[in-house]
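Presented below is the structure to which this report refers.
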Amino acid sequence: MRKTVIAGNWKMNMTPKAAGAFISELAPMVKGKDKCDIVLCVPFVDIATAAEAAKGTNIKIGAQNVHFEQKGAFTGEIAADMLLEAGAEYVIVGHSERRQYFGETDTTVNLRTKAALAAGLKVILCLGEVKDQRLSGITDEVVAMQTKLDLAGIPEEDLKNVVIAYEPVWAIGTGLTATPEQADETCGVIRKTIAAIYSKKAADEIVIQYGGSMNDGNAAELLAKTNVDGGLIGGASLKTDKFTAIVDAANK
Ligand code: PGA
């Protein structure tokens, strides 16, 4: 009943020219593979070129952050309507690199999510525990708390435009992947939290991705898990063949 969402997170990689060339190469490779939604979250300056290259294909374009105000004196920030007009349909909010290096908190993640949803963007909301938290056995509490804080005040009807990406921080860019069982279990904790805050229906319907060193070699077994409805892919989204292999795994 839930549609799988395979999203690439390019992070700070690829110029606009490179983005256009990448998407032109990828489009025929993923054509007709419609059992999943395919999204590429690209650097801000790539969005217009990427959206142009993706026109008429099954590839959707997203951004990697959004500010929570609509406009004003916020040097260096980008507002939701700017992203929409440039051609983005999705935006990543709360990525652990933003939380780690740029002072993002659950409060600002919540504000950004609300602003993006109000403008009509779909949000890929990232959360996940750090290594010490997993080792201390408090992963479930951490992700439940993040889910509650990040979604505070967001009405149930808006959840159709929210994808949650469960990304254990220790697995991002490290080559360490959560086992399919760990991914399934923690995505399940997030789903239970959604049931507790909203309803069983909301929990059954919300798309929860796994992210953290997902690649062409491990995607199939991660995606086979009941609670894993897709992937947020960093490194492996920068190569058309690797990314296509993940899309293929989601289309089996
Ligand atoms: P990775 O990144 O696939 O390179 O681990 C995932 C992410 O940060 O979204």
Side-chain angles (χ1 to χ4, degrees), residues 4-14 18-19 22 26 36-44 46-47 50 59-66 88 90-104 109 112-113 116 121-131 133-134 139 142-143 146-147 150 162-180 182-184 186-187 190 207-223 225 228-250:
T4 303
V5 179
I6 299 296
N9 172 14
W10 281 2
K11 310 192 179 184
M12 198 173 71
N13 293 288
M14 304 247 210
F22 182 99
L26 179 70
C36 63
D37 285 338
I38 302 170
V39 186
L40 288 176
C41 296
V42 305
F44 290 133
D46 294 1
I47 293 171
I59 302 166
K60 298 179 169 86
I61 301 304
Q64 299 171 14
N65 193 16
V66 61
Y90 282 79
V91 63
I92 294 173
V93 174
H95 191 276
S96 69
E97 285 150 18
R98 304 271 348 147
R99 295 181 191 248
Q100 243 181 316
Y101 307 134
F102 302 100
E104 200 79 60
V109 170
R112 290 180 204 273
T113 301
L121 285 161
K122 293 189 170 71
V123 172
I124 298 176
L125 172 62
C126 301
L127 52 89
E129 81 286 2
V130 299
K131 191 175 173 193
Q133 293 167 334
R134 170 138 316 246
T139 297
V142 169
V143 298
Q146 288 176 326
T147 304
D150 296 351
V162 176
V163 170
I164 295 181
Y166 164 57
E167 298 206 304
V169 179
W170 48 270
I172 295 177
T174 57
L176 295 173
T177 316
T179 64
Q182 285 172 327
D184 189 45
T186 311
C187 288
I190 296 168
V207 172
I208 305 180
Q209 299 172 314
Y210 167 79
S213 300
M214 188 187 271
N215 58 41
D216 45 328
N218 59 26
E221 49 176 4
L222 286 160
L223 295 172
K225 290 293 177 189
V228 179
D229 309 319
L232 183 58
I233 298 118
S237 73
L238 295 168
K239 295 267 184 280
T240 52
D241 55 345
K242 288 197 189 316
F243 190 66
T244 301
I246 298 171
V247 169
D248 286 341

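Atoms within a ligand are numbered from 1 in the order they appear, just like the ligands themselves. What's counted below: heavy atoms across the whole structure, side chains too, no hydrogens, waters or symmetry copies.
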Check: every ligand 1 N/O to protein N/O pair under 3.5 Å:
unit_1, atom_1, unit_2, atom_2, d
ligand 1, 2 (O), Lys11, NZ, 3.3
ligand 1, 2 (O), Gly234, N, 3.4
ligand 1, 3 (O), Ser213, N, 3.4
ligand 1, 3 (O), Gly234, N, 2.9
ligand 1, 4 (O), Gly235, N, 2.9
ligand 1, 5 (O), Gly173, N, 2.7
ligand 1, 5 (O), Ser213, N, 2.7
ligand 1, 8 (O), Lys11, NZ, 2.7
ligand 1, 8 (O), His95, NE2, 2.6
ligand 1, 9 (O), His95, NE2, 3.3
ligand 1, 9 (O), Glu167, OE1, 3.3
ligand 1, 9 (O), Glu167, OE2, 2.7

Side chains of Ser213 and Thr174, heavy atoms from C-beta outward: is any pair under 4.5 Å? yes

Does Ser237 have any side-chain contact (heavy atoms from CB on, under 4.5 Å) partners at least two apart in sequence or in another chain, and if so, which? Trp10, Ile233, Phe243

Are Tyr210 and Asp184 side-chain neighbours, meaning at least one heavy-atom pair lies under 4.5 Å? no

Validation row: Leu127, Ile190 side chains within 4.5 angstrom (heavy atoms): yes

Suppose we screen for side-chain hydrogen bond (donor to acceptor under 3.5 Å, both in side chains). Which residues come up paired with Gln133, at least two apart in sequence or across chains? none

Sequence neighbours excluded, the answer for side-chain contact (heavy atoms from CB on, under 4.5 Å) partners of Ala249 is Ala219, Ala220, Leu223

